[in-house]
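Note on naming: letters A, B, ... go to the chains in the order of the sequence lines (proteins, then strands), and numbering restarts at 1 for each one. Note: hydrogens, waters and symmetry copies are ignored here, and every other heavy atom, side chains too, is used.
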There are 2 protein chains.
Amino acid sequence: MKRKITLKQIAKELDVSVSTVSKALSDSKEISEDTKQKIQAFAKLYNYRPNNIALSLKNRKTKTIGILIPEIVHHFFSTVIRGIERVANRRGYNVIVGLSNESFTKEIINMEMLAGGSIDGFILSISKETMLKQDYHHFNATIDQGIPIVMFDRVVDEVDCDKVIVDDFKGAVKATEKLIVNKCKNIALITTMDYISVGRLRTQGYLEALKSNNIEANPNLILKIDDTLDVENHIEVLENEIEQFFKTNPKIDGLFAVNELYAVTAMKVARKLGLSIPEDMQVIGFTDGVLSKHATPSLTTVSQHGQKIGEQSANLLIDRLEAMDYDKPSYLANNEPKKDFIKLVIETEIIERESTK
Amino acid sequence: MKRKITLKQIAKELDVSVSTVSKALSDSKEISEDTKQKIQAFAKLYNYRPNNIALSLKNRKTKTIGILIPEIVHHFFSTVIRGIERVANRRGYNVIVGLSNESFTKEIINMEMLAGGSIDGFILSISKETMLKQDYHHFNATIDQGIPIVMFDRVVDEVDCDKVIVDDFKGAVKATEKLIVNKCKNIALITTMDYISVGRLRTQGYLEALKSNNIEANPNLILKIDDTLDVENHIEVLENEIEQFFKTNPKIDGLFAVNELYAVTAMKVARKLGLSIPEDMQVIGFTDGVLSKHATPSLTTVSQHGQKIGEQSANLLIDRLEAMDYDKPSYLANNEPKKDFIKLVIETEIIERESTK
DNA sequence: TTGTATGCGTTATCAG
DNA sequence: CTGATAACGCATACAA
């Protein structure tokens, strides 16, 4: 096996100095055409590639972005990653992914690991456990170390950084109003516990839509799911909860669910109870994933544009990274991060399918 | 903003040498308790973290694994990543993800980028375009550079490396035989073009099952989908093709599809044509993803155990990485990679749901 | 017990 | 035009 070739080896082989080789390969005009040709040919022959690690050490930049998400087996998050990856690559950055698995501890461990020189900045979405604990010191510590962060989707005011969020509130309003316009009289909501910011915002949107249409909110029509339980038999538990919910509220004729799993599961349960969709009950979900598209009937959803979120996040981060460029002459450099953090709101969009009239 | 603190700065601050600090922090017994205490306290106070990059350069190891997959918005691949991530983290490795987006060129670019010092080894699944071109020089070049590769799922004999594959052939046999046992008389197959190895193997399994049960294969009952087309209106095209297929073959009473999208779409089309499942037609898919679980009726599938594939791949890679450990005294070292490459076959399993009797 | 020197691969600076 | 040297951050063999 040929070990990767280095400048030093080329230099020795060709009996020149390392710096000559370095310069020749960067096509410096300091070097004679002859020598350049010789060195470049040799380098090509041996398939020379500069060692990124050495460059990172020297430049104090790794040109890679750390992504930290709660879960990868999740359509929304993979869509975001794809978006990040796309612009990152286009702008010359690599992407490294860490999974918190919704755990506070794992989030911290991953973060410290990556912050230890592997990455230039983070794009992340906060884990459920962290949101519950409301302990954000690790984010602030990272920022203090000069590593910028961009948060998306699950964000929090306590951390000063750029943020990209979905307009959860407005999306929920739109969805609920669609049901109202479609003549639903008893619109139910299936949501998560309040500590998940997106769940809370969507719930608020639902309430707001009712209110501004002079419909009194009925607490009985709101089902809050505790999804901290283990995932094993999650589905069965979910189905049972929803079944109970439907049985005790037989008048429900419209349903807004804060994610597509809840929506699809609800449709399944409804069908089991002999209801047909959208005739007896109209359903709208949040998150436009595979499930929505291929469910029966296909699900009307509020699309979050995950890929766009990823792209915008990456742009925000890289912009900031390049703004604190250390390469500039010091009188031009701007090492202090800007304090004006940006909060981008990505508009949602209702994708109409068969589950609404 | 506090810049990350280094050994050098601590040394200066405490008026000792860099090596003293280094030793003190690794709790070397060469250093007096007094000095150690002082230095450790100071380091803790300033939240010292060693710079991975410097360590990588020194150790010629990055302790990170490069994953290269065709697509991330794909349940199977994210499951595999989760598996890889899990064992990688447990064994002290990080994970970095590159997306080829099914493109030959992007696969190469990503590969070269990561191979340039960022990673110790690759775990990858080959892009469609690469399989089509049958050009695998970049894999071999990487291996020649001393960077081991583990391939999973879409693998190829032309590259000498460890491989982890699903038993596609046997899985397809099992699925087809299940349909036969369930008394289907005209079993159809929806598959991909032959250059995708997994599609080919599954097709072979289907044929084998028919043959060993003395059923003559009918070429008309095999639908090959060309999925190189752009994804935009992919679904509609797919639906139309399947609809035609069903119309010209009205006797089909059993269907095996090589992925869950084809299976779910076929069920949708079947329903549209007035067929009920599983009464009129039984359906089995491959790949146990979200769609299968939540489809209506839920889909019987051949599960690939993606997470297990990921875990095994990571173990294979790390084992090999540690086998070529450079830290050992040279008379013990084993720098030449072992030539006996392992091909692990992960057994499939049929998950029975509502789409079969 | 502590410090000095060296090297990992690269580039920039300055001297020849 | 070419080469020697320092520096990035760290660990370690060796010297004091």
Candidates C/dT10, C/dC14, C/dT2 - which lies nearest the side chain of A/Val18: C/dT10
Shortest side-chain distance from A/Leu7, nucleotide among C/dT11, D/dT12, D/dC10: C/dT11
Nearest-nucleotide 5' precedence on DNA chain C, A/Pro50 against A/Glu30: A/Pro50
Under-4.0 Å side-chain N/O to phosphate OP1/OP2 contact, B/Lys8 with D/dC8: yes
Under-4.0 Å side-chain N/O to phosphate OP1/OP2 contact, A/Ser17 with D/dG3: yes
Salt-bridge criterion met for B/Glu129 and B/Lys106 (N-O under 4.0 Å): no
Sugar-phosphate, base or nothing in reach of B/Ser22, heavy atoms under 4.0 Å: base
Sugar-phosphate, base or nothing in reach of A/Ser56, heavy atoms under 4.0 Å: nothing
Any A/Arg60 side-chain N or O less than 4.0 Å from OP1/OP2 of D/dG9: yes
Rounded distance (Å) that lies between atom P of C/dT1 and atom CG of B/Asp27: 13 Å
Side chains of A/Asn101 and B/Arg82, donor plus acceptor under 3.5 Å: no
Salt-bridge contact B/Lys343-B/Asp157 (side-chain N to carboxylate O under 4.0 Å): yes
Nearest-Å distance for atom pair NZ/C1', residues B/Lys23 and C/dT1: 9 Å
Protein-nucleotide distance (A/Leu57, atom CG; D/dA11, atom P), rounded to Å: 12 Å
Integer-rounded Å distance: C/dG7 C1' and A/Ile53 CD1: 16 Å
Separation of D/dC10 C1' from B/Lys4 NZ (nearest whole Å): 13 Å
Side-chain donor-acceptor pair present, A/Ser17, A/Ser19, cut-off under 3.5 Å: yes
Sugar-phosphate only, base, or nothing, as touched by A/Ser32 at under 4.0 Å among non-hydrogen atoms: sugar-phosphate
Residue-phosphate contact under 4.0 Å: B/Ser19 side-chain N/O, D/dA11 OP1/OP2: no
Separation of atom CG in B/Asn51 from atom P in D/dC10, rounded to whole Å: 6 Å
Electrostatic pair B/Lys8:B/Glu13 at N-O distance under 4.0 angstrom: no
Any side-chain donor near an acceptor of the partner, B/His137 and B/Asp135, under 3.5 Å: yes
Atom-to-atom span, CD of A/Gln145 to P of D/dG9 - whole angstrom: 14 Å
Side-chain N,O (B/Thr20) to OP1/OP2 (C/dT1) below 4.0 Å: no
Minimum-distance nucleotide (side-chain atoms of A/Lys58 versus D/dG3, D/dC14, D/dA7): D/dA7
Separation of atom CG in A/Asn59 from atom P in C/dA12, rounded to whole Å: 8 Å
Sugar-phosphate only, base, or nothing, as touched by A/Ser26 at under 4.0 Å among non-hydrogen atoms: nothing
